[in-house]
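Just so it is clear: chains get the letters A, B, ... in the order the sequence lines come, proteins before strands, and each one is counted from 1. Just so you know, these numbers come straight off a predicted model, no measurement behind them.
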Number of protein chains: 2
Amino acid sequence: MTTPRWEPRRLSAVAVELPEGVTPPGTRGRILLSALRLFAEYGFHGTSIRDLAGATGINSATLYAHFPAKEHVLAELVLLGHAELHQRLQQALVEAPPGPAAQLAALVRAQVGAHADFPLLALVANAELHALSPERAAPALALREQSRELGLRVLRLGVAQGVFRVADPLLAATAIGSMGMQVAHWFGPDQPYTRDQVADTYAGFALQLAGAVVAAPEPAPKTARTSGTTPVKKG
Amino acid sequence: MTTPRWEPRRLSAVAVELPEGVTPPGTRGRILLSALRLFAEYGFHGTSIRDLAGATGINSATLYAHFPAKEHVLAELVLLGHAELHQRLQQALVEAPPGPAAQLAALVRAQVGAHADFPLLALVANAELHALSPERAAPALALREQSRELGLRVLRLGVAQGVFRVADPLLAATAIGSMGMQVAHWFGPDQPYTRDQVADTYAGFALQLAGAVVAAPEPAPKTARTSGTTPVKKG
DNA sequence: GTCTATATCTTGATAGAC
DNA sequence: GTCTATCAAGATATAGAC
């Protein structure tokens with residue numbers, strides 16, 4: 001592939017950018033940004049060294065002055081994406097009000113926010129990780145596992161405290177994580193939502209999915225007359 | 001790539017198979033099954049014609065007696081995957097008890113079931129669709145849109161009938177669909193769940209996410225004493 | 001339908017001048 | 001750091017015998 005084979009369809013049109021402060025200066029940073037766009041659109045194996053160099057405005061040989069191999073470009077993006085998400089999740093937990101409900105909401109807001117702010121990075125980090133050798137994928141996988149456990153811990157704590165009522169915390173954590181992950185695939189400036197609207201709505205979804213008890217610490221009455229668990233805003 | 005570069009990591013170990021009655025007889029069918037495994041594991045661009053032929057046990061030239069190009073192999077798998085899902089969703093709606101809640105549960109069970117029964121096919125159909133030219137991706141995209149609308153209609157109907165209480169039906173449908181879609185990435189025989197357990201649990205998640213009112217047609221009492229909406233089984 | 005053999009092009013990566 | 005030039009291997013696909 002030298003000229004695009006067809007118009008991009010894998011993504012909404014979104015800005016090609018990396019989180020603040022992590023783009024290396026100079027040519028190295030420009031290579032990463034080109035790779036971010038091309039890997040997201042065509043995949044790692046669907047992008048050639050020459051595509052990458054051409055998009056960056058340099059000769060293909062110049063790439064090797066900045067990265068020892070094509071795979072290392074991907075490895076850097078994948079690690080960067082997982083690190084950004086994990087950092088945001090940790091930060092969200094630190095800043096969240098106490099209690100599993102507020103913490104779960106904060107985690108989901110942070111996850112959705114990360115995937116909405118940097119959909120290209122999230123897509124590359126998740127969908128192209130498999131193209132890395134195990135050694136170079138390992139650091140990202142470790143971060144992913146840690147991120148996963150943040151959510152699982154909050155869910156289990158909430159169940160133990162009677163704040164959540166969920167059939168299976170592990171499956172619930174998986175389902176909630178899946179919701180947020182997919183945001184990278186469809187969110188963009190063409191959508192009729194802001195990133196905060198999506199993040200807040202998804203946080204509400206997560207609480208409902210987890211059967212969060214809204215305001216009643218005392219046990220529910222024996223008669224099974226129940227209702228929705230969170231305020232609704234109609235859509 | 002001729003010999004595997006490293007052990008597969010993109011998937012759990014799952015059987016390589018297509019839905020009943022859709023595998024063509026003879027070599028053509030064997031090619032499709034090889035492609036199913038290789039495209040799922042390494043991606044379309046990560047799999048060469050020779051890989052495909054080698055895995056099938058034929059010469060690379062023989063492939064062209066069955067498919068005019070590599071892309072057509074992928075196109076068939078992608079369409080097949082989308083068709084299978086759409087057919088199952090329609091069937092689920094037909095067989096479901098009346099009412100949006102039962103219908104939503106049936107749709108989610110069908111979606112999760114499809115992704116758990118044929119994770120390789122679901123993964124290829126979703127994750128490799130972008131490698132197709134627009135003309136050959138179009139039929140699958142049309143099916144996907146129809147499947148999406150099945151869920152959206154049920155959700156909107158449920159909201160209109162007061163059975164669901166959801167902030168935004170479109171986002172809810174997206175979130176629910178995302179949950180089920182990801183199942184293909186992690187479910188397998190190594191998991192401590194059966195496909196039905198996952199399907200049923202996810203159906204419950206969807207109902208809770210949608211704020212399904214369980215059994216009370218009469219309005220809830222004014223005091224905001226609410227509780228979970230479905231039985232729990234502790235996990 | 002299947003093979004051997006091959007054409008043609010693209011790939012990732014390197015050598016060496018500036 | 002960046003370039004021109006190039007290598008060796010791998011890519012998709014075809015020709016033609018059996």
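A donor and an acceptor atom, one from each side chain of A/T174 and B/Q182, are nowhere located under 3.5 Å apart.
Ion pairing between B/K70 and B/E128 fails under the 4.0 Å rule for side-chain N and carboxylate O. Classification of A/R88 and A/D117 as a salt-bridged pair holds, one side-chain N sitting under 4.0 Å from a carboxylate O. With salt bridges taken as basic N to acidic carboxylate O contacts below 4.0 Å, none links B/R37 and B/E41.
At D/dA11, one or more side-chain N or O atoms of B/S48 fall inside 4.0 Å of OP1 or OP2 (strictly under the cut-off). In this structure, B/T27 reaches the C/dT2 phosphate: one of its side-chain N or O atoms is under 4.0 Å from OP1 or OP2.
Two residues are said to be in side-chain contact when any heavy atoms from C-beta on lie closer than 4.5 Å; B/R28 and B/E76 meet this criterion. Taking 4.5 Å as the limit, some side-chain heavy atom of A/F39 sits within range of a side-chain heavy atom of A/V73. A heavy-atom distance below 4.5 Å is not found between the side chains of A/H45 and B/T47.
In this structure, the CD1 atom of B/I49 is 10 Å from the P atom of D/dT14, given to the nearest Å. Remark: P of D/dA11 and CG of B/L38 are 12 Å apart, rounded to the nearest angstrom. The distance from atom CD1 of A/I31 to atom C1' of D/dG1 is 11 Å, rounded to the nearest whole Å. In this structure, B/Y42 places its OH atom 18 Å from C1' of D/dA11, rounding to the nearest Å.
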Polar-atom pairs under 3.5 Å, protein N or O versus N or O of nucleotides 4-6 of chain D: list them with distances, or write none.
{"from": "D/dT4", "atom 1": "OP2", "to": "A/N59", "atom 2": "ND2", "distance (Å)": "3.1"}

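As judged by a 4.0 angstrom heavy-atom cut-off over every strand, A/T47 is placed among residues touching the sugar-phosphate backbone only.
Listed by residue number, B/A65, B/H66 are the residues of residues 63-74 of chain B with a heavy-atom contact under 4.0 Å to DNA chain C.
Within 6.0 Å of CD on B/E20 lie no more than 12 heavy atoms contributed by other residues, nucleotides or ligands.
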